[in-house]
Protein chains: 2
Amino acid sequence: MKLSLIFVEVLSAAEENYLKAILKLELEHKVSVPTGALAHAFGIQAPSVTDMVKKLALKKLLKYEKSKGVRLTDKGKKLAIAIIRKHRIWETFLVQTLEFGWEEVHELAEQLEHVHSEKLIDKLEAFLGFPRFDPHGDPIPDKKGTIVSAKAIVLGAAKVGGNYKVIGISDDSTELLHYLNKLHVKLGTKLLLQSREAFDGSLVIKIGSRGTESISAIVANSLLVVED
Amino acid sequence: MKLSLIFVEVLSAAEENYLKAILKLELEHKVSVPTGALAHAFGIQAPSVTDMVKKLALKKLLKYEKSKGVRLTDKGKKLAIAIIRKHRIWETFLVQTLEFGWEEVHELAEQLEHVHSEKLIDKLEAFLGFPRFDPHGDPIPDKKGTIVSAKAIVLGAAKVGGNYKVIGISDDSTELLHYLNKLHVKLGTKLLLQSREAFDGSLVIKIGSRGTESISAIVANSLLVVED
DNA sequence: CCATTTTTTTAGGCGTGTCTAATTTTTTTA
DNA sequence: TAAAAAAATTAGACACGCCTAAAAAAATGG
Ligand SMILES: [Mn+2]
Ligand SMILES: [Mn+2]
Ligand SMILES: [Mn+2]
Ligand SMILES: [Mn+2]
């Protein structure tokens, strides 16, 4: 009798973080990702990235052309999406079940996403009722890796006088989320864009039934909204 | 103004596993733990242990006397208990909330116990309703590190003719727990000890309202019971 | 109590994932 | 298009957590 050996290639947390970061940069810039962009994303030095991408290339998780950057292979992309799925399911669990604030969960999910158990994630997902979006409005990939793409625009690109609804935050930083808490902006909040300052792109907005506030272009560009 | 820098010493998973293993061996043998015992516990070579205990000694987590073994300091013991607390709370969550089998959760908890977040564990504990025992009957230390000590005996040392109730399993191995599932033995199951074979210490027991079964001394010694 | 066995330590090495310094390649721009 | 600037790579190093081989220390036992 012939036993078929199953190779379960287990990636380290570092390797998984690279795959996630590369996918994110690919989606943002739709081109191959320069090693320098990864160094910047992780706050590490460029040679460290060169070493790692060589290793990931050997594992067929990405294609690396010297001095030209990297692109995920199908295998690498599939794994990257699986990790994002884990991250977002954990974030949803932390906010929905354990009542963490949305600004607290990203760092924790960075750890939890590296726990190796497909079954755990599937059970969590079922326990949560198969949520489609995480606490920041980001879509949760399904088990097959399908991601619903939000047709949102960033508030920074919205038109003055328009009414919008916040459906996502394109930046998980604790600081931004804390600031949004202060402004009483959360998922579902209605915004009226009253004016845009040409000089710096800052906006004056009316937040729900509250007063008006001025927000910087940086904040405006991380608020994902739909017309309302 | 003088700021007091707070050093949050973050231990690696390996370091945490050493602390846990040392505490377990200390409790079992009530003496200092030889490096060889740790090598055996982890299935690694003795020189690896020597290296690690030197490092843990530098961090004041244990006392190491060359060729004489190690003992946890108060600091080390406190950390070890905190890790056991995490392990058992995660196991309880997995069984109670996500409906894993009790035989599936140990390995997963081995990963989850190394997620660094006091707040996460406290929230999980509250969500679970402050459980006092994990799915294998092991006591869950409270936030202060207090562990209720079970006054159980092992079935192997029980007296023939006695009625007992299973309150714990002193071995988390998947294989044993699977075997107990097959025997329909779980926490709370009533047992009647019918006879003991002098030759090998094996027992014949009546399991609840089911038939009688013969179990080996090895199994008998991992069943924690109280008189019933 | 000395010789043999067992346990532990020392010495040196390796893969991972990071670093700095120096060099090479690519891009920009004068 | 050639020089300068920017980006990337190579070279060499280091902490971590493990290894094997050899030496030393402790325990055993005749
Ligand atoms: Mn991560
Ligand atoms: Mn998120
Ligand atoms: Mn366990
Ligand atoms: Mn347990």
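These numbers were taken from a predicted model, which means no experiment stands behind them. Naming: A, B, ... by sequence-line order, numbering from 1 per chain.
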Open item on the list: Rounding to an integer number of Å, can you tell me how far A:Lys54 NZ sits from D:dA11 P?
Closed with: 8 Å
TODO: Quickly work out the B:Glu15 CD to D:dC18 C1' distance and round it to whole Å.
DONE: 14 Å
- [ ] Flag yes if more than 12 heavy atoms outside A:Asp74 fall under 6.0 Å of its CG atom; otherwise flag no.
- [x] no
TODO: Describe, in one word, how the ring planes of B:Phe127 and A:Phe93 are oriented to each other, choosing from parallel (under 30°), tilted (30 to 60°) and perpendicular (over 60°).
DONE: perpendicular
- [ ] Give a yes/no answer on whether the side chain of A:Tyr64 brings an N or O atom under 4.0 Å of OP1 or OP2 in D:dA8.
- [x] no
TODO: Whenever both distances are under 3.5 Å in a Watson-Crick or G-U wobble pair, mark it; put DNA chain C into dot-bracket that way, with [ ] for crossing pairs and | when the partner is on another strand.
DONE: ||||||||||||||||||||||||||||||
- [ ] Calculate the interatomic distance between A:Glu16 atom CD and C:dT16 atom C1'; express it in whole Å.
- [x] 15 Å
- [ ] Scan B:Lys68 against the nucleic acid and name what it touches under 4.0 Å (heavy atoms): base, sugar-phosphate only, or nothing.
- [x] nothing
- [ ] Output every pair passing side-chain hydrogen bond (donor to acceptor under 3.5 Å, both in side chains) with a member in residues 25-39 of chain B, not counting sequence neighbours, ordered by first then second residue.
- [x] none
TODO: Give the rounded distance in Å between these two atoms: CD of B:Gln45 and P of C:dT9.
DONE: 14 Å
- [ ] Nearest whole angstrom, please: distance from the P of C:dC19 to the CD1 of A:Ile44.
- [x] 5 Å
TODO: For the pair B:Gln111 (side chain) and B:Leu108 (backbone), establish whether a donor and an acceptor sit closer than 3.5 Å, ignoring hydrogens and angles.
DONE: no
Task: Spacing of A:Met52 atom CE relative to D:dT9 atom C1', expressed in whole Å - done: 17 Å
Open item on the list: Among residues 23-42 of chain A, which ones have heavy-atom contacts with DNA chain C below 4.0 Å?
Closed with: none
TODO: Classify the side chain of B:Asp51 and the base of D:dC16 as holding, or not holding, a donor-acceptor pair under 3.5 Å.
DONE: no
Open item on the list: With a sphere of 6.0 Å drawn around NE2 of B:His40, does it hold more than 12 non-hydrogen atoms of other residues, nucleotides or ligands?
Closed with: no
Open item on the list: Any donor-acceptor pair under 3.5 Å linking the side-chain atoms of A:Asp134 with those of A:His87?
Closed with: no
Open item on the list: Is any side-chain heavy atom of A:Trp102 closer than 4.5 Å to one of A:Leu180?
Closed with: yes
TODO: Please check the phosphate of D:dA24 (OP1 and OP2 only) for any side-chain N or O of B:Lys66 closer than 4.0 Å.
DONE: no
- [ ] Ignoring backbone atoms, test whether B:Thr50 places a side-chain nitrogen or oxygen under 4.0 Å from the OP1 or OP2 oxygen of C:dT9.
- [x] yes
- [ ] Rounded to the nearest angstrom, tell me the gap between atom CD in A:Glu9 and atom P in C:dT16.
- [x] 12 Å
Open item on the list: Between P on C:dT26 and CD on A:Glu65, what's the gap in Å once rounded to a whole number?
Closed with: 11 Å
Open item on the list: Under a 3.5 Å cutoff, is there a donor and acceptor pairing between the side chains of A:His136 and A:Glu91?
Closed with: yes
